[in-house]
Every structure is written in structure tokens, then in C-alpha cells.
Amino acid sequence: MEAVDPDDSRVWTWQELRSAVVEEVPTAGTSGRVARLLGSMVTAAAGAFLGEGPPEIRLRLETDTESTVVTVYAATAGGYAAKEAELSQALLADFVAGTAHPGNLVRWGREHAAQGTLEPVVRETLLIAWAQA
């Protein structure tokens, strides 16, 4: 897991992470903050429309010695459905547990980057496939 920031880039191995939890994610079709299974979620798509910058996702990464919140840009300005967010959280948990390998996702991303952002149902199907690989 790598967080690239002009001021403070960080790298964690999956083995040293105790957990990786999605704390905030832009949701589709909502306004304001809403409680979700994964914690407090924010509608960032509206912020992007208003010129507040790209939608962001916040991850809490925990090791045996520290807890760090990392902000990353969302792949879609339209937000994520609850099912997609849950599948993403489950896949992150599998990466941390060592029961899934992020290499499958990385390879797919390199091979299909030119396609741009996929439709939600396609993203959900891919998340399920990656979790089962």
C-alpha cells in the first residue's frame, strides 16, 4: 500500500498492516453525510460539482504501532453504491489477511487504464472476481 503525497509519501507492506478500513467514500445519489456500514461516508460528487476538488476517499491504515488516515482520489465523480463500497472494504480486508493478492487488481488496471471509469455493475463484478482470485 502506497500513499503518494508531495509532502509526505508513505509505503506499508500488506503484511505489516493490521487493518485497512474505508472511513469515508463518496456515495451515489445522496447529499450530505450519511451513516453507512463502513463508517461515516461523504458525498464528494457534489463537492466536485461545486468546484471543491475531486471526490476523495479516506482510509484508516493500522499497524501494530500506528494508525494513519490516508486520503486518495475517488475513481468516479458519481460516487459509489453501498454494495460497491462494501465489496471494496471486503477486498481490502482480504489483502490485509493475505487471502487475496492486489497484483490481480494492479495487472488489470495496467491493461485496461485506457477504458476510463467503468459502470458501477462492472466495477462490482470485478471486485467479486478479484476477491475470489
Side-chain angles (χ1 to χ4, degrees):
M1 171 79 69
E2 182 177 7
V4 179
D5 184 302
D7 299 323
D8 184 32
S9 294
R10 298 279 313 272
V11 176
W12 298 264
T13 65
W14 290 106
Q15 293 79 19
E16 73 182 300
L17 286 175
R18 195 175 59 194
S19 69
V21 177
V22 178
E23 291 192 336
E24 293 182 8
V25 62
T27 57
T30 61
S31 62
R33 291 185 175 255
V34 295
R36 291 276 190 224
L37 175 64
L38 301 175
S40 170
M41 298 187 154
V42 62
T43 302
F49 176 75
L50 296 172
E52 296 176 5
E56 296 177 343
I57 297 172
R58 294 197 202 303
L59 302 173
R60 178 168 300 280
L61 305 176
E62 293 188 5
T63 67
D64 287 335
T65 59
E66 70 175 328
S67 178
T68 304
V69 175
V70 177
T71 301
V72 297
Y73 293 126
T76 178
Y80 299 92
K83 181 178 179 183
E84 186 177 3
E86 291 170 12
L87 289 168
S88 296
Q89 179 59 69
L91 186 58
L92 277 172
D94 289 346
F95 289 162
V96 170
T99 58
H101 193 278
N104 298 323
L105 183 147
V106 171
R107 259 188 311 282
W108 187 94
R110 286 183 185 141
E111 293 169 4
H112 297 89
Q115 293 177 350
T117 303
L118 302 173
E119 294 296 318
V121 68
V122 176
R123 294 191 308 257
E124 289 176 10
T125 301
L126 284 168
L127 287 165
I128 291 167
W130 291 326
Q132 295 172 349

inquiry  = Distance check, rounded to the nearest 0.5 Å: Trp12 atom CH2 versus Thr63 atom OG1?
reply    = 9.0 Å

ask   = Side chain of Glu16, backbone of Thr13: donor and acceptor closer than 3.5 Å?
value = yes

ask   = Rounded to the nearest 0.5 Å, what separation is found between the CG atom of Leu92 and the CG atom of Leu17?
value = 9.5 Å

task = Please check if the side chain of Ser19 supplies one atom and the backbone of Val21 the other of a donor-acceptor pair under 3.5 Å.
result = no

Distance-only donor-acceptor pairs under 3.5 Å for side chains of residues 119-127, two or more places apart:
unit_1	atom_1	unit_2	atom_2	d
Arg123	NE	Glu84	OE1	3.3
Arg123	NE	Glu84	OE2	2.5
Arg123	NH1	Leu118	O	2.5
Arg123	NH2	Glu84	OE1	3.0
Thr125	OG1	Val121	O	2.9

query = At their closest point, which heavy atom of Phe95 faces which heavy atom of Ala100, and how far apart are they?
reply = CD2-O, 3.6 Å

query = Taking the side chain from Glu24 and the backbone from Arg58, do they hold a donor-acceptor pair closer than 3.5 Å?
reply = no

ask   = How far apart are the C-alpha atoms of Thr27 and Tyr80, what are their side-chain angles, what is the distance that settles it, and do they pass the side chain to side chain contact (heavy atoms under 4.5 Å, CB included) test?
value = CA-CA 5 Å; Thr27 57; Tyr80 299 92; 5.9 Å; no

task = For salt bridge (charged side-chain N to carboxylate O under 4.0 Å, His left out), just list the numbers for Arg10 and Glu66, CA-CA rounded to whole Å, side-chain angles, deciding distance to a tenth of an Å, and then say yes or no.
result = CA-CA 13 Å; Arg10 298 279 313 272; Glu66 70 175 328; 2.6 Å; yes

ask   = Are Arg60 and Thr68 close enough that a side-chain donor and a side-chain acceptor fall under 3.5 Å?
value = no

query = Side chains of Asp94 and Val96: closer than 4.5 Å at any heavy-atom pair?
reply = no

task = Flag yes if Tyr73 and Met1 sit in one hydrophobic cluster, no otherwise; membership is Ile, Leu, Val, Met, Phe, Trp, Tyr, and two members link when side-chain heavy atoms are under 4.5 Å apart.
result = no

query = Does Thr117 use its side chain to pair, donor to acceptor, with the backbone of Ala75 at less than 3.5 Å?
reply = yes

ask   = With hydrophobic residues grouped by side-chain heavy-atom distances under 4.5 Å, do Val69 and Leu59 end up in a single group?
value = no

ask   = Does any pair with a residue in residues 100-113 pass side-chain hydrogen bond (donor to acceptor under 3.5 Å, both in side chains), and if so which ones, sequence neighbours excluded?
value = Asn104-Arg107, Trp108-His112

inquiry  = Just verifying a value: how many Å separate Gln132 CD and Leu91 CG, rounded to the nearest 0.5 Å?
reply    = 11.0 Å

task = Give, for atom OG of Ser88 and atom NZ of Lys83, the distance between the pair rounded to the nearest 0.5 Å.
result = 12.0 Å

ask   = Side chains of Ile57 and Pro26: closer than 4.5 Å at any heavy-atom pair?
value = yes

